[in-house]
Novice: 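Here it is, the structure in full.
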Amino acid sequence: MTIKESSLSELQAKIGYEYTFDCVQCGYCLPACPTYETMEKETHSPRGRINLVKMAAEGKIPLEDLREPIEKCLGCQACVTACPTNTQYGRILDGAKEVLNETDNKSNTQKVTEKVVFEKLFPSSKNMDLLGHFMWGYEKTGLQKVARKTKLTNLAPLKLGKFEAVLPSAVSPKERKSRKNYYPANVDTNVTVALFTGCIMDSTFFETNQNTIKLLNLAGANVYIPEEQTCCGALHSHSGEVNQAIELAKRNIEAFEQYDISYVINNAGGCGAQLTEYNHLLVNEPDWHERAKAFSEGSRDISSILWELGGVHHELKTKEEVVTYQPSCHLTNVQKVVDAPKKLVENTPGVTFKPMKNEDRCCGSAGIYNIVNYDDAMDILDVKMKDVKPTNPQTIITTNPGCLLQMKMGIKREGLEDRIRAVHLVDFLAERLG
Ligand code: SF4
Ligand code: SF4
């Protein structure tokens with residue numbers, strides 16, 4: 001074997017070359033792809049991206065030709081759901097990102113940002129707590145008002161300032177510290193679960209986590225909150241930082257194994273999808289694979305478990321409200337949870353549920369896609385809002401923090417803040433408790 005052949009076979013193993021042969025080029029995935037719709041290029045469609053990966057893996061085009069089409073992919077996996085041959089595009093995408101990440105074509109700013117965020121911030125519950133405390137101080141000391149008034153927020157890098165305006169209210173350090181490690185169910189039960197709190201979820205959407213515990217207790221589940229848990233590693237995986245994602249997966253598996261539980265519950269579609277991928281992530285580590293498989297098989301989205309336990313609608317107050325639902329792509333296309341959130345909404349007393357057209361189309365949030373590819377994400381969001389408006393809702397319900405902020409952004413861009421709100425499903429149910 002020549003050196004060239006040997007490095008090509010290494011590349012092929014890493015980039016998911018074997019999966020590219022499942023694609024028969026039929027094009028059924030094209031209408032499902034949001035970037036093909038808004039960017040109108042074959043190279044920005046699933047079929048085009050698979051072809052590019054195949055050609056790069058065969059040495060026919062330089063790896064750099066992959067970069068833009070792959071970076072502009074949302075990773076929503078709508079193409080996987082649409083594909084009649086079950087082509088595992090997600091594996092091809094992750095492989096391409098890992099390979100591109102290794103080619104070290106990043107600016108120094110990008111390298112430093114990724115190092116700080118991926119290695120120091122997300123994996124450290126202490127640092128994420130500090131971020132939560134900072135957000136509270138920023139809001140309560142009046143700094144937020146000053147920053148908005150003087151447009152200081154516009155100076156934040158990567159358009160982060162735009163998202164600052166749609167963040168939820170922060171929770172006080174005192175309230176955060178008062179959270180316990182165990183919350184018993186409101187009834188006698190033999191169902192015990194543990195909550196995956198997430199890094200961004202817990203620092204920025206703490207209230208949603210607290211409401212998740214409340215609903216689980218009401219539905220008849222005891223809830224543990226393992227302190228040793230860490231970030232799920234989804235953003236690391238989607239940025240090609242596979243080794244970091246593997247380390248985080250191991251830490252989480254160890255943290256939850258200490259508890260005698262039926263399920264690991266999450267309330268963020270993207271994080272939940274990553275938890276169900278641990279099985280695949282650790283497939284080449286014999287000491288870990290069985291443990292990862294058990295962890296992934298025991299992971300459940302909050303909507304699934306609530307519905308499985310009989311729902312909480314009998315505990316909810318009646319309030320008339322017209323509601324539509326924006327599913328999380330990773331909840332639909334990776335976790336394959338489709339009906340449970342809708343059933344919970346439909347059974348809420350007083351609710352008129354109006355499904356939107358193309359509801360399974362990505363809103364453009366996609367992890368940090370809307371931060372790093374802001375303009376493309378806004379094009380995709382504008383298409384989404386065209387489907388939201390005819391339902392004339394008072395409320396858009398979502399099941400993922402990223403989708404929630406993106407829908408809030410869509411409402412703001414359309415100037416509909418006085419008529420429509422966006423809420424996480426968990427908070428929507430909790431606000432109706434007696
Ligand atoms: S990915 Fe699937 S749907 Fe898309 S072109 Fe290939 S075989 Fe057809
Ligand atoms: S993951 Fe989403 S954006 Fe990427 S190719 Fe598939 S459908 Fe298109």
Side-chain angles (χ1 to χ4, degrees), residues 125 171 175-176 178-198 201-202 205-230 232 252-276 278 291 293-317 328 331 335-349 397-401 423-434:
S125 52
V171 166
E175 193 180 336
R176 300 168 72 82
S178 68
R179 184 164 70 195
K180 294 179 276 183
N181 168 255
Y182 177 69
Y183 290 84
N186 294 28
V187 291
D188 279 342
T189 181
N190 55 9
V191 180
T192 300
V193 302
L195 178 65
F196 179 79
T197 51
M201 253 340 266
D202 217 35
F205 296 85
F206 186 85
E207 203 69 54
T208 308
N209 277 347
Q210 293 306 96
N211 284 334
T212 303
I213 298 167
K214 217 185 275 180
L215 294 175
L216 284 166
N217 286 164
L218 266 178
N222 304 311
V223 182
Y224 280 107
I225 324 287
E227 273 177 30
E228 305 79 3
Q229 64 179 297
T230 184
C232 66
N252 277 324
I253 292 167
E254 277 178 337
F256 284 84
E257 275 178 346
Q258 295 172 35
Y259 296 85
D260 186 12
I261 50 170
S262 310
Y263 303 111
V264 175
I265 306 299
N266 73 84
N267 53 20
C271 302
Q274 179 72 2
L275 302 183
T276 63
Y278 283 2
R291 295 162 72 183
K293 193 164 174 263
F295 183 95
S296 291
E297 287 174 358
S299 293
R300 293 282 185 286
D301 179 72
I302 179 67
S303 60
S304 304
I305 192 74
L306 284 181
W307 189 249
E308 202 177 308
L309 293 173
V312 286
H313 45 276
H314 44 282
E315 304 278 353
L316 306 180
K317 284 189 287 194
S328 142
L331 186 62
Q335 296 191 67
K336 308 289 181 196
V337 174
V338 177
D339 293 334
K342 292 186 201 173
K343 285 181 185 157
L344 288 170
V345 172
E346 281 170 336
N347 281 280
T348 302
I397 292 181
T398 72
T399 44
N400 187 57
V423 186
H424 192 291
L425 173 63
V426 161
D427 298 326
F428 174 77
L429 296 173
E431 69 189 13
R432 289 164 174 258
L433 292 175

Novice: Nearest 0.5 Å, please: how far is CG in L216 from OG1 in T192?
Specialist: 11.0 Å

Novice: With a cut-off of 6.0 Å (strictly less than), are more than 12 heavy atoms of other residues, nucleotides or ligands near NZ of K293?
Specialist: no

Novice: Checking E228 side chain against E254 main chain: does a donor-acceptor pair fall under 3.5 Å?
Specialist: no

Novice: Measuring from N186:CG to N222:CG, what's the distance to the nearest 0.5 Å?
Specialist: 10.0 Å

Novice: Minimum heavy-atom separation for L195 and P226, please, with both atom names.
Specialist: O-CD, 3.8 Å

Novice: Would you indicate whether the side-chain heavy atoms of I225 and K180 approach each other to under 4.5 Å?
Specialist: no

Novice: Does the side chain of V264 reach to within under 4.5 Å of the side chain of Y259, using non-hydrogen atoms?
Specialist: no

Novice: Taking I302's backbone N and O only, do any of them form a donor-acceptor pair with N267's side chain (distance below 3.5 Å, no angle check)?
Specialist: no

Novice: When rounded to the nearest 0.5 angstrom, what is the spacing between CG in D427 and CD in E207?
Specialist: 7.5 Å

Novice: Do N209 and R179 have side chains that get closer than 4.5 Å, going by heavy atoms?
Specialist: yes

Novice: Which atom pair, heavy atoms only, marks the closest approach of Q229 to A255?
Specialist: N-CB, 3.7 Å

Novice: Counting distance only, does the side-chain N/O of N266 pair as donor-acceptor with the main-chain N or O of R300 below 3.5 Å?
Specialist: yes

Novice: Counting distance only, does the side-chain N/O of N217 pair as donor-acceptor with the main-chain N or O of A221 below 3.5 Å?
Specialist: yes

Novice: Answer whether the closest heavy-atom distance between the side chains of L425 and S303 falls below 4.5 Å.
Specialist: yes

Novice: So which heavy atom on L306 is nearest to which on A219, and how close?
Specialist: CD2-CB, 3.8 Å

Novice: Rounded to the nearest 0.5 Å, what's the gap from CZ on F196 to SG on C271? Could you check?
Specialist: 5.5 Å

Novice: So, for R176 and F206, which heavy atoms are closest and what is the spacing to 0.1 Å?
Specialist: CA-CZ, 3.5 Å

Novice: For Y183 and Q210, work out which heavy atoms get closest and say how close.
Specialist: OH-NE2, 4.0 Å

Novice: Using 0.5 Å steps for rounding, measure from the CD atom of E431 to the CG atom of N211.
Specialist: 9.0 Å

Novice: Look only at the side chain of T398 and the backbone of H424, and say whether a donor-acceptor pair between them is shorter than 3.5 Å.
Specialist: no

Novice: I need the minimum non-hydrogen distance between F205 and P401, along with the two atoms involved.
Specialist: CE1-CB, 3.4 Å

Novice: Donor-acceptor check, side chain of Y224 to backbone of D260, threshold 3.5 angstrom: yes or no?
Specialist: no

Novice: Contact between L331 and N400 at the side-chain level, heavy atoms closer than 4.5 Å - yes or no?
Specialist: no

Novice: Any donor-acceptor pair under 3.5 Å linking the side chain of T399 with the backbone of G269?
Specialist: no

Novice: Is there a side-chain contact (heavy atoms from CB on, under 4.5 Å) between D339 and W307? Walk through the geometry before answering.
Specialist: CA-CA 10 Å; D339 293 334; W307 189 249; over 6 Å; no

Novice: Working to the nearest 0.5 angstrom, can you tell me the gap between L218 CG and I213 CD1?
Specialist: 12.5 Å

